[in-house]
Amino acid sequence: MKTVLVTGTSRGIGGAIALKLLESEFNVIGTYSTNKEVAEKLVAENPNLRMLQVDFSSRQSTLKFISQLRSENLHGIVNNAGIFEMDQLNDLSFEEWDRTLEVNLTAPLILTRTLSKSMQPGSSIVNISSTDGLIGAYDGISYSASKAALISITKSLGNTLGPKGIRVNAVAPGWIETSMVNDEAGQNAKDTNPMERVGRPEEIANVVEFLMSDKASYINGATIVVDGGGINVDYGLKKESGY
């Protein structure tokens, strides 16, 4: 069985990705930051899942984590772990900015650069970005910036690792039904989305599974938007047209 690293697997999108890959007969190494109880429960329920603790906001913790994986023969990496801070321009904390970029951008780059050295041709790396990385932000400036940079890094890594037979792609989810989406935000997303609903974590996991498979063997450096078409909507035009 092939082994895949999926970061941030104790909940939400990361949890759905891990379970989907387990169903597809991968061994999965997952990570959690603080929720040890949930991690242990997932391991007890899934014999091909191994969970390791790491705090990606700490460079030292990330490097220590990587040292635990040096003997692993990884077929793929899913850089999913991320954080979101509600920051606006005038009250933006640069401590929060640094932490957000460390988790959302720098840690995926460090993991990819180090672990890809021992990966074989046919391997696949998937970065979980966001539609926030394709548009401007009002709240969450640091998050939006980190996800935009992650899309750019995906292209660069696809260029440099492609000749080695290692594909690197990104998935940009829109509004997804997770603990990060409150009722008001979810309703706003439904009102503006052509499909009139938010997405499910499993719908992101399906795309990741495809990118991990040989069916995606010629997809490299791409960003796949999974948002029900929401990014295409001009809300003003929609309202004016009576939809």
For [X] against [Y], the heavy-atom pair lying closest together:
{"X": "Ile219", "Y": "Ala222", "result": "CG2-CB, 3.9 Å"}
{"X": "Ile176", "Y": "Val226", "result": "CD1-O, 4.4 Å"}
{"X": "Gly133", "Y": "Ala148", "result": "O-CB, 3.3 Å"}
{"X": "Leu134", "Y": "Ala172", "result": "CD1-CB, 4.4 Å"}
{"X": "Ala205", "Y": "Ala16", "result": "CB-O, 3.5 Å"}

Q) Is Met51 reachable from Val6 through a run of hydrophobic residues whose side-chain heavy atoms are each under 4.5 Å from the next? A) yes

Q | Non-neighbouring partners of Thr112 that pass side-chain hydrogen bond (donor to acceptor under 3.5 Å, both in side chains), sequence neighbours left out | A |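 If we apply the side-chain hydrogen bond (donor to acceptor under 3.5 Å, both in side chains) test to Thr112, skipping adjacent residues, the hits are Asn79.
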
Q) When Leu5 is tested against each of Leu115, Val78, Ile125 for side-chain contact (heavy atoms from CB on, under 4.5 Å), which residue passes? A) Leu115

Where the side chain of [X] meets the backbone of [Y], is there a donor-acceptor pair that is under 3.5 Å apart?
{"X": "Asn127", "Y": "Ile151", "answer": "no"}
{"X": "Ser129", "Y": "Leu150", "answer": "no"}
{"X": "Lys155", "Y": "Asn220", "answer": "no"}
{"X": "Asn193", "Y": "Asp227", "answer": "yes"}
{"X": "Ser24", "Y": "Lys20", "answer": "yes"}
{"X": "Asp87", "Y": "Ile141", "answer": "yes"}
{"X": "Asn169", "Y": "Val126", "answer": "no"}
{"X": "Asp91", "Y": "Gln88", "answer": "yes"}
{"X": "Lys147", "Y": "Ile128", "answer": "yes"}
{"X": "Asp214", "Y": "Ser217", "answer": "no"}

Heavy atoms, side chains only, cut-off 4.5 Å: are [X] and [Y] in contact?
{"X": "Thr9", "Y": "Asn80", "value": "no"}
{"X": "Pro194", "Y": "Val233", "value": "yes"}
{"X": "Glu25", "Y": "Lys2", "value": "no"}

Q | Evaluation steps, side chain to side chain contact (heavy atoms under 4.5 Å, CB included), between Glu177 and Arg197 | A | CA-CA 9 Å; Glu177 197 173 67; Arg197 67 175 177 87; over 6 Å; no

Listed pairs under 3.5 Å, donor-acceptor, residues 27-44 side chains, sequence neighbours left out:
from, atom 1, to, atom 2, distance (Å)
Thr31, OG1, Gly8, N, 2.8
Asn35, OD1, Val38, N, 3.4
Lys41, NZ, Glu45, OE2, 2.6

Please report the interatomic distance [atom1]([X]) to [atom2]([Y]), rounded to the nearest 0.5 Å.
{"X": "Ser124", "Y": "Glu209", "atom1": "OG", "atom2": "CD", "result": "11.5 Å"}
{"X": "Thr100", "Y": "Tyr143", "atom1": "OG1", "atom2": "OH", "result": "10.0 Å"}
{"X": "Leu109", "Y": "Ile153", "atom1": "CG", "atom2": "CD1", "result": "5.0 Å"}
{"X": "Ser142", "Y": "Asn104", "atom1": "OG", "atom2": "CG", "result": "8.0 Å"}
{"X": "Thr3", "Y": "Leu21", "atom1": "OG1", "atom2": "CG", "result": "11.5 Å"}
{"X": "Leu22", "Y": "Leu49", "atom1": "CG", "atom2": "CG", "result": "5.5 Å"}

Q. Taking it one step at a time, do Met119 and Ile77 satisfy side chain to side chain contact (heavy atoms under 4.5 Å, CB included)?
A. CA-CA 10 Å; Met119 293 170 71; Ile77 304 170; 4.1 Å; yes

Q) Take atom CZ in Arg113; do more than 12 heavy atoms of anything else shown fall under 6.0 Å from it? A)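 No - once you tally the heavy atoms of other residues, nucleotides and ligands closer than 6.0 Å, there are 12 at most.
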
(Q) Just to verify, what does Ser152 make a side-chain contact (heavy atoms from CB on, under 4.5 Å) with, not counting sequence neighbours? (A) none

Q) Residues in side-chain contact (heavy atoms from CB on, under 4.5 Å) with Lys215, at least two apart? A)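 For Lys215 the side-chain contact (heavy atoms from CB on, under 4.5 Å) partners, ignoring immediate neighbours, are Phe210, Ser213.
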
**Q.** Verdict with supporting geometry, Phe84 and Met86, side chain to side chain contact (heavy atoms under 4.5 Å, CB included)
**A.** CA-CA 7 Å; Phe84 177 86; Met86 289 288 288; 3.2 Å; yes

Determine all donor-acceptor pairs shorter than 3.5 Å in which one atom belongs to a side chain in residues 62-76; sequence neighbours excluded.
from, atom 1, to, atom 2, distance (Å)
Thr62, OG1, Ser58, O, 3.2
Ser67, OG, Lys64, O, 2.5
Glu72, OE2, Arg50, NH1, 2.6

Q: Could you tell me which residues satisfy salt bridge (charged side-chain N to carboxylate O under 4.0 Å, His left out) with Arg59, sequence neighbours excluded, listed by chain and number?
A: Glu102

Q: Evaluate side chain to side chain contact (heavy atoms under 4.5 Å, CB included) for Tyr138 paired with Leu89, printing each intermediate quantity in order.
A: CA-CA 8 Å; Tyr138 291 92; Leu89 180 61; over 6 Å; no

Q | Pairing of Glu203 and Arg200 as salt bridge, 4.0 angstrom limit | A | yes

